[in-house]
Number of protein chains: 2
Amino acid sequence: MAVTIKDVAKLAGVSPSTVSRVLSGHPRISHKTASKVRDIMQELGYHPNIMAKSLVSKTTKSIGVILPKPAEELFLNTFFMELIRGIVTQANRSGYDIVISSGANEQEEVNAVQRLVYGGRVDGAILLYSRQNDPVVEFLYQENFPFVLVGRNEQYPDLLSVDTNNIQAAYDATRHLISFGHERIGFVSGPKNLMVSKDRLKGYHQAMKEAGLAVKSDWIVEDDFLQESGYRAMSFFMNLPERPTALVVIDDVVSFGVLRGLNELGFKVPSDLCIVSFNNNPLSELYSPPLSSVDIGIYHLGYVASQALIQAIQDEDKSLFSKRHIIPHRLIVRESSMHHLS
Amino acid sequence: MAVTIKDVAKLAGVSPSTVSRVLSGHPRISHKTASKVRDIMQELGYHPNIMAKSLVSKTTKSIGVILPKPAEELFLNTFFMELIRGIVTQANRSGYDIVISSGANEQEEVNAVQRLVYGGRVDGAILLYSRQNDPVVEFLYQENFPFVLVGRNEQYPDLLSVDTNNIQAAYDATRHLISFGHERIGFVSGPKNLMVSKDRLKGYHQAMKEAGLAVKSDWIVEDDFLQESGYRAMSFFMNLPERPTALVVIDDVVSFGVLRGLNELGFKVPSDLCIVSFNNNPLSELYSPPLSSVDIGIYHLGYVASQALIQAIQDEDKSLFSKRHIIPHRLIVRESSMHHLS
DNA sequence: CTGAAAGCGCTTACAG
DNA sequence: CTGAAAGCGCTTACAG
């Protein structure tokens with residue numbers, strides 16, 4: 001049997017109420033009893049029972065996170081791990097724990113979230129990525145349950161969210177290539193139903209249009225974040241009569257596949273084709289050639305997501321639940337895009 | 001206010017005890033009342049309060065996982081994410097949630113574990129990797145708290161653990177190179193204080209000794225799992241008067257660095273140097289050249305760790321807490337080691 | 001087969 | 001500044 005508040009009270013010669021009060025730092029407790037009680041707690045090795053506390057306070061000091069599990073996402077492992085690391089670090093600093101659940105498909109994800117929410121296991125939730133018609137968002141929104149979205153949602157544009165300005169980021173990446181003289185620039189995107197794919201594609205289009213450059217539909221590939229997608233795209237791209245001289249790629253991991261494909265086809269990067277991608281995977285600077293990439297501060301995204309959510313939960317200020325936090329990005333230029341066309 | 005067991009009881013015209021019993025599938029409840037109660041629960045949208053349940057049952061249906069955070073480990077992101085994925089999947093299937101905590105250093109890690117354990121937040125813990133003199137292991141062991149180790153511990157060899165036979169795995173990798181005619185084989189290891197480094201080094205030595213091959217201390221490098229470590233090692237290795245013709249490398253990510261270093265120095269893999277490494281990172285088959293790697297089934301390690309722990313917790317069979325589960329490994333031969341020396 | 005009662009470990013008005 | 005009492009939502013012997 002663990003030591004309880006009663007044991008401490010008895011030994012300290014006070015009531016349980018008093019012990020509880022020194023525990024919560026109640027102002028109207030004499031210094032003397034407070035320090036005495038604290039001594040006893042120390043002596044007995046007292047630790048408050050979190051479940052009992054939660055039961056009465058209706059608060060768990062826990063945040064739920066749903067892990068996406070579809071096989072396609074496997075390659076985003078480093079992305080999600082980095083995000084979670086940021087979330088966990090900040091949450092722990094604020095005295096919150098992170099509860100992770102997962103589901104093999106959308107329905108299971110909803111079930112997992114329902115268990116956490118209805119069971120009163122968490123005070124809020126963090127969604128690690130944004131897709132169209134997300135039933136989890138729908139559920140959380142209808143329940144009026146506190147949550148933050150990494151990304152953004154089209155149906156509910158005002159949700160509490162932490163995001164990269166992906167339109168701008170893709171615009172920047174494309175501009176970078178244009179400034180090097182490229183006119184035929186392709187885009188290798190990710191799954192169509194992800195907001196990040198749509199936004200980055202949009203930024204690409206904007207930059208192209210602004211520069212008066214044509215975009216051929218052949219130059220755009222939309223596919224999963226699979227290792228193979230970038231790879232497969234290459235034999236198609238490079239056989240085009242008017243093939244691109246540069247590529248914007250949705251994620252560094254897809255670029256790894258692109259590079260492999262090009263290598264097998266006998267093309268050199270950057271001399272035959274320039275590449276810029278996103279997320280600045282730690283391996284990107286190790287590749288040959290090192291990859292130009294837009295660093296979006298993944299850890300920071302997670303850190304801020306947790307921070308914003310906890311703040312919103314604690315302040316009970318409803319306006320905090322419809323705030324968008326934009327984390328700045330930064331294009332890191334490496335060898336893969338260092339080739340002036342002339 | 002959420003709907004409670006009382007509300008259900010009142011509407012169903014039974015006592016709270018009865019509702020509780022149908023909830024837990026108590027055998028001696030008439031079919032009639034049971035189904036009636038279930039209907040009401042459905043109608044009212046009743047969901048049991050997990051905290052209340054935990055308080056009385058002294059069980060949380062949660063497992064704690066400590067995230068290692070030292071910067072050196074950053075590159076193992078895919079390893080840990082994969083492990084966690086396996087853990088979460090199996091835990092959810094068994095009706096358990098995963099609570100993640102982290103600490104910036106060993107002391108903070110211990111604090112995090114203490115909070116979880118003393119606060120009664122989790123029923124057991126999973127340690128994601130094994131190092132020497134781990135204070136977390138020490139704490140958990142002294143407290144007699146249920147936990148499982150991914151790896152093994154020298155001080156307590158009989159802990160519940162899930163591991164790869166790393167000695168054998170490294171032996172296999174080395175044998176593979178020897179069978180291709182290599183005689184000067186080097187070893188690029190990881191941090192000295194990790195069991196995995198020690199075990200793999202041992203297996204390498206065994207294979208070399210058994211084949212009657214000499215091992216020069218110059219051929220062995222022990223370093224962090226840094227991107228740079230493999231990279232830096234190369235200029236040293238390749239300038240040795242008797243330089244190795246093949247390398248066993250502790251992790252694929254380190255190999256990525258090795259490959260980059262060799263590339264810059266103008267050496268070709270596998271013709272100038274053969275490489276085999278471990279963990280079969282998803283990117284390994286995408287590299288040029290594709291990397292030979294020992295697949296250790298990371299997801300499966302996590303899955304079994306969770307399974308073994310939960311089983312031990314539920315069975316209360318003390319003997320289950322000193323069992324070692326070995327997950328089979330498999331050498332996947334790719335281009336990086338496909339070069340016969342003759 | 002079912003109910004009344006006590007209790008899990010804590011918090012918090014209400015008194016004093 | 002401190003205590004007695006009620007209650008958070010559930011479970012579980014104990015009776016019947």
Side-chain angles (χ1 to χ4, degrees), chain A residues 1-41 44-62 95 115-123, chain B residues 1-38 40-41 44-62 95 115-123 314:
Chain A
M1 283 297 87
V3 15
T4 77
I5 224 173
K6 278 187 185 170
D7 304 321
V8 176
K10 193 169 293 174
L11 214 72
V14 298
S15 77
S17 329
T18 302
V19 176
S20 172
R21 280 191 268 256
V22 333
L23 221 44
S24 59
H26 193 103
R28 284 208 276 280
I29 287 284
S30 79
H31 229 59
K32 207 173 127 203
T33 44
S35 73
K36 180 173 187 178
V37 167
R38 262 191 277 270
D39 285 351
I40 305 282
M41 294 197 307
L44 259 45
Y46 169 78
H47 292 271
N49 180 311
I50 296 178
M51 297 304 159
K53 189 170 187 169
S54 287
L55 182 55
V56 22
S57 71
K58 301 289 186 207
T59 180
T60 62
K61 291 277 192 176
S62 294
R115 273 195 315 105
L116 295 181
V117 172
Y118 287 143
R121 219 187 220 321
V122 297
D123 298 340
Chain B
M1 280 297 85
V3 17
T4 77
I5 224 172
K6 278 186 185 172
D7 304 320
V8 176
K10 194 169 293 175
L11 213 72
V14 299
S15 75
S17 330
T18 302
V19 177
S20 172
R21 280 192 267 254
V22 335
L23 222 45
S24 60
H26 192 105
R28 283 207 277 280
I29 288 283
S30 81
H31 228 60
K32 209 174 124 204
T33 44
S35 73
K36 180 172 188 178
V37 168
R38 261 190 277 271
I40 304 283
M41 293 198 306
L44 261 44
Y46 170 78
H47 292 271
N49 180 310
I50 296 178
M51 298 303 159
K53 190 171 186 169
S54 288
L55 181 56
V56 22
S57 71
K58 302 285 187 214
T59 179
T60 62
K61 291 277 192 176
S62 294
R115 271 194 318 106
L116 296 180
V117 171
Y118 288 142
R121 220 190 221 318
V122 297
D123 298 341
Q314 291 181 337

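Here is how names work: the chains are called A, B, and so on, in the same order as the sequence lines, proteins then strands, and each is numbered from 1. The structure presented is a predicted model; accordingly, all values stated were derived computationally and were not measured.
Distance CG (A:L55) to P (D:dG9): 7 Å, rounded to an integer number of Å. Atom NZ in B:K58 sits about 7 Å away from atom P in C:dC8, given to the nearest Å. If you take CE of B:M41 and P of D:dG9, they are 17 Å apart, rounded to a whole angstrom. Rounded to a whole Å, the CG atom of B:L44 is 15 Å from the C1' atom of D:dG9. Rounding to whole angstrom units, NZ of residue B:K10 and C1' of C:dG3 are separated by 16 Å.
Nearest heavy atom pair, residue A:P16 against residue A:A9, reads N-CB, 3.6 Å. The minimum heavy-atom distance between B:T60 and A:R121, with the atom names listed, is O-NH2, 2.6 Å. The heavy-atom pair separating B:Q314 from B:K61 by the smallest distance is NE2-NZ, 3.9 Å. In terms of heavy atoms, A:Y46 sits closest to A:T4 at CE1-C, 3.5 Å.
Qualifying ring-ring contact (aromatic ring centres under 6.0 Å, His included) partners for B:H26, counting only residues two or more places apart in sequence or in other chains: none.
D:dC10 sits 24 Å from D:dC14 when the P atoms are compared, rounded to a whole Å. Between D:dG16 and D:dT12, the distance separating the two C1' atoms is 16 Å to the nearest Å.
The side chain of B:S15 lies closest to C:dG3, out of D:dT2, D:dG9, C:dG3. Nearest to the side-chain atoms of A:S30 among the listed nucleotides D:dC1, D:dG3, C:dC8 stands D:dC1.
By the 4.5 Å heavy-atom criterion applied to side chains, B:T33 and B:V22 are not counted as neighbours.
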Practice problem: Using the side-chain contact (heavy atoms from CB on, under 4.5 Å) rule, take B:M41 and B:L23 through it: C-alpha gap first, then chi angles, then the decisive distance, then the call. | Solution: CA-CA 10 Å; B:M41 293 198 306; B:L23 222 45; 3.5 Å; yes
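Within the structure, every side-chain polar atom (N or O) of B:K32 is placed at least 4.0 Å from both OP1 and OP2 of C:dC1.
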Quiz item: Can you give one letter per nucleotide of nucleotides 10-16 of chain C, 5' to 3': B if a protein heavy atom sits under 4.0 Å from the base, S if only from the sugar-phosphate, - if neither?
Solution: BBBB---
Quiz prompt | Canonical and wobble pairing (Watson-Crick, G-U, under 3.5 Å) of DNA chain C, dot-bracket with | | solution = |||.||||||||.|||
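A:T18 contributes no side-chain N or O that, together with a main-chain N or O of A:V14, makes up a donor-acceptor pair within less than 3.5 Å. For the pair B:D123 (side chain) and B:T59 (backbone), a donor-acceptor distance under 3.5 Å is absent.
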